[in-house]
Amino acid sequence: MQKSENDGNKEGSVDFIRAIVAEDISTNKWDGKVITRFPPEPNGFLHIGHAKSICLNFGIADENSGGQCNLRFDDTNPVTEEDRYVNSIQEDVRWLGWDWDENLYYASDYFEQMYDYAVQLIEKGHAYVCELNARQISEYRGTLTTPGKESPYRNRSVEENIDLFRRMKDGEFKDGSHVLRARIDMASPNMNLRDPVMYRILHAEHHRTGSVWSIYPTYDWAHGLEDSIEGITHSICTLEFENHRPLYDWYLDKLEVHHPQQIEFARLELTYTVMSKRKLLQLVDEGHVNGWDDPRMPTICGMHRRGYSPEAIREFCRRIGINKFNSTIDIALLEHCIREALNKTSNRVMAVLRPLKVVIENYPEGEEEWMDAVNNPEDQSAGTRKVPFSRVIYIEQDDFMEDPPRKFFRLGPGREVRLRYAYFITCTDVVKNDDGEIVELHCSYDPATQGGNAPDGRKVKSTLHWVSASHALRAEVRLYDHLFTKERPEEAKDGEDFRSNLNPQSLQILSDCMVEPGLKDAKPFERIQFERLGYFCIDTDSTADRLIINRTVTLRDTWAKVQKKGNKK
RNA sequence: UGGGGUAUAGUGUAAUGGUAGCACGAUAGAUUCUGGUUCUAUUUGUCCGGGUUCGAAUCCUGGUACCCCAGCCA
């Protein structure tokens, strides 16, 4: 995984972060070491945006000899964090293909040391206990254009601060009554430097430390320390923390401890979806989707269930690059990456989503043949299989038109097409019900075309997939489309929000699908291609007697495009 | 009206003073027992204005636009 040879351009072209790392190695800045970290807060599920960060941090560690990437849970806020998130995050990172070896850490492991650091700062006169309430602190902070006011508690003695801080820790005070603040500059143009809060009182049960602490460090105080304690060399984070860097610098300098280099990059945005934890949570809570692992969600577990492969996600993260400005990636690139990966790796199967019965009248009743079919034309080693053929089969409703337009190559009255791996058939009759709907086709077959080739060399314009009626397995297939109808779901009318752009057709359930019998023992998460339709994945809801299958993504479909264009005219 | 960032085809990303390239998308064609895959071709770009230079996406200068910051969230 050396060098992301960014898409065929000159070798050695790397993103600006990797360039910094390479430079630091060549100058021996950190004794040639590279230690990064992925620091999620265990209060939610990982999504594709996190994958970008994961691939960056673990990727850089992986590409450099002796590199190391820590998985560190930033668990400084007990009221939102839970063990189940710790578990799912580890699962997702591992599934994506990364390994933190022994380097699994928790911010809460450092609570004692952070407390000592805070005492040091107090002793040096750099921190004080403030008894202003939250609203007052906010008022005293001033605004973007006007300086703040100093807290009346700002000039307490060191002794008094030490005593008060200890009592905060010992649980003597109520939530919100006291905070520990850094003593910096209430007039700083950078709001983060206007005496930021370091500790707040929270009588809450922490998922790891239980009730031993009644004060908890804020992110801004804790995060730089965590990196410092772990000896992180390159602390990679997202753009919004750029404004916080001077504060982290200040803490680390006052403490005179190891000082990592922070580098900021832009978070991932994707068209037709939302990425913020808050919005994703809302989708789940309000039932717009069926949980965090709903295959429509951009969560890692959702994409896993949908049928995405880790390789495809990693390739996507490699291709989107790293930058310092907000950009929105076209979801078509993600879809391209999954098609590219699955084309090479997934076995082909025939399945009919919307069955149309076809009776081959000159084929002997009660007879069956097992046709040879190639499992994966892109991979010889995948071998072949046998597919049963008989007198009554199903084809796709879309593959027949009674009055076909010029560009429709498939079956129509009097037309001849090939049944993949089977025979050429010609439509001889169309059977309709009382409502005029087509319910059945009668066809004849040419015995000489067994296997799918005509000895006389005649061609057909199209090849259809099919299943034998008496052999086929029934299945429920879930078709997914973009979760939102707009490229940028946030762009909603006045008084409405992103939910107004939800796509009512993002999930379509087909319950009478027919698939090859070979899928009998398919297991959840198994990925396959249904020929001519798309890539699919066995869903976790699947049981021994009920096959449930997700459509990951369609195949590229030029016929659909032709149709669309026709409709517009 | 404060501070911190950023600007290259439709989208994303290269090019650190020397031919603006690549990918995705779109379009056209070839091949094909998947209207898939593969292959070929076409299309569109340096935010704007000055300056330095033989030569500027790159350096200087003046604008413009967008993003972030006023949680005891991370």
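The shown structure was predicted, so the numbers you read here are calculated from the model rather than taken from an experiment. In what follows, chains carry the letters A, B, and so on, assigned in the order in which the sequence lines appear, proteins first and then strands, with residues in each chain numbered from 1.
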Would you indicate what [X] reaches in the nucleic acid, counting non-hydrogen atoms under 4.0 angstrom: base, sugar-phosphate, or nothing?
X	answer
A/Arg556	sugar-phosphate
A/Tyr423	nothing
A/Glu264	nothing
A/Tyr421	base

Rounding to the closest angstrom, what is the interatomic distance between [N] and [M] at atom [atom1]?
N	M	atom1	value
B/U6	B/U61	P	16 Å
B/U58	B/C48	P	11 Å
B/A14	B/A9	P	13 Å
B/U8	B/C47	C1'	10 Å
B/U37	B/A26	P	11 Å
B/G25	B/C67	P	29 Å
B/A7	B/C60	P	14 Å
B/U11	B/U1	C1'	36 Å

Selection from [options] that lies nearest to any side-chain heavy atom of [X]:
X	options	value
A/Lys324	B/A7, B/G5, B/U34	B/G5
A/Ser13	B/A14, B/G35, B/A26	B/A14
A/Arg319	B/A14, B/U34, B/A23	B/A23

Given atom [atom1] of [X] and atom [atom2] of [N], what is their separation to the nearest angstrom?
X	N	atom1	atom2	answer
A/Arg410	B/G35	CZ	C1'	7 Å
A/Glu269	B/C24	CD	C1'	18 Å
A/Leu411	B/G35	CG	P	13 Å
A/Glu242	B/C66	CD	C1'	15 Å
A/Arg318	B/G12	CZ	P	18 Å
A/Asp399	B/U34	CG	P	13 Å
A/Ile322	B/G12	CD1	P	15 Å
A/Lys459	B/G35	NZ	P	15 Å

By salt bridge (Lys or Arg N to Asp or Glu O under 4.0 Å), A/Asp557 pairs with (sequence neighbours left out) none

Q.
Suppose we screen for salt bridge (Lys or Arg N to Asp or Glu O under 4.0 Å). Which residues come up paired with A/Arg278, at least two apart in sequence or across chains?
A.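 A/Arg278 satisfies salt bridge (Lys or Arg N to Asp or Glu O under 4.0 Å) with no other residue.
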
Please determine whether a side-chain nitrogen of the Lys or Arg among A/Arg458 and A/Glu416 lies less than 4.0 Å from a carboxylate oxygen of the Asp or Glu. yes

Check this for me: does any side-chain nitrogen of one of A/Arg267 and A/Glu240 sit under 4.0 Å from a carboxylate oxygen of the other?
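Salt bridge present between A/Arg267 and A/Glu240.
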
In Å, rounded to the nearest 0.5 Å, how long is the span from OG of A/Ser177 to CD of A/Glu131?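 Taking OG in A/Ser177 and CD in A/Glu131, the distance rounds to 7.5 Å.
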
Counterpart residues, ring pair (Phe, Tyr, Trp, His ring centres under 6.0 Å), relative to [X] (two or more places apart):
X	answer
A/Phe408	A/Trp559
A/Tyr85	A/Phe45
A/Tyr423	A/Phe389, A/Tyr445
A/Phe165	A/Tyr115, A/Tyr199

Problem - Under 3.5 Å: donor-acceptor pair, side chain of A/Ser108, backbone of A/Asp75 - result: no

- Go through residues 328-337 of chain A and report each residue with a non-hydrogen atom lying under 4.0 Å from RNA chain B, sorted by number.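 Hits under 4.0 Å, by residue number: A/Thr328, A/Ile329, A/Asp330, A/Ala332, A/Leu333, A/His336.
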
Applied to residues 182-194 of chain A, the side chain to side chain donor-acceptor pair (under 3.5 Å) test, sequence neighbours excluded, yields A/Asn155-A/Arg183

Please enumerate all residues that pass side-chain hydrogen bond (donor to acceptor under 3.5 Å, both in side chains) together with A/Glu378, with sequence neighbours excluded.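 Scan of A/Glu378 (side-chain hydrogen bond (donor to acceptor under 3.5 Å, both in side chains), adjacent residues dropped) gives none.
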
(message) Should A/Phe409 be counted as stacked on B/G35, where stacking needs a ring-centre gap under 5.5 Å and an angle between planes under 30 degrees?
(response)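 Stacked: ring centres under 5.5 Å, planes under 30°.
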
| query | Does a donor on one side chain and an acceptor on the other come within less than 3.5 Å for A/Glu311 and A/Thr345? | reply | no

Practice task
Consider only side-chain N and O atoms of A/Arg527 and A/Thr552, and report whether a donor and an acceptor are under 3.5 Å apart.
Solution key: no

Can a side chain N or O of [X] be found less than 4.0 Å away from OP1 or OP2 on [N]?
X	N	value
A/Arg348	B/U34	no
A/Thr558	B/G36	yes
A/Arg339	B/G36	no

Per the glycosidic torsion and the 90° limit around 0, nucleotide B/G50 is anti

For B/G36, does the base pair up with any side-chain atom of A/Glu378 as donor and acceptor (N or O, under 3.5 Å, distance only)? yes

Side chains of A/Phe16 and A/Ile322: does their closest heavy-atom pair fall under 4.5 Å?
-> yes

Anything under 30° is parallel, anything over 60° is perpendicular, the rest tilted; go ahead and classify A/Tyr248 against A/His223. tilted

Letter by letter from the 5' end, nucleotides 68-74 of chain B scores (B base, S sugar-phosphate only, - none; protein heavy atoms under 4.0 Å) BBBSBSB

For RNA chain B, the expected dot-bracket line (Watson-Crick or G-U under 3.5 Å, [ ] crossing, | inter-strand) is .((((((..((((....[..)))).(((((.......)))))....(((((..]....))))))))))).....

On RNA chain B, nearest-nucleotide positions of A/Ser327 versus A/Leu533: which is more 5'?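 Its nucleotide being nearer the 5' end, the pick is A/Ser327.
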
Would you kindly compare A/Val562 and A/Arg245 by the position of their nearest RNA chain B nucleotide and give the one closer to the 5′ end?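 Counting from the 5' end, the first nearest nucleotide belongs to A/Arg245.
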
Between A/Tyr110 and A/Tyr117, is the ring centre distance below 6.0 Å?
->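 Ring centroids of A/Tyr110 and A/Tyr117 are no less than 6.0 Å from each other.
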
Protein and nucleotides 43-48 of chain B: nitrogen or oxygen contacts under 3.5 angstrom:
none

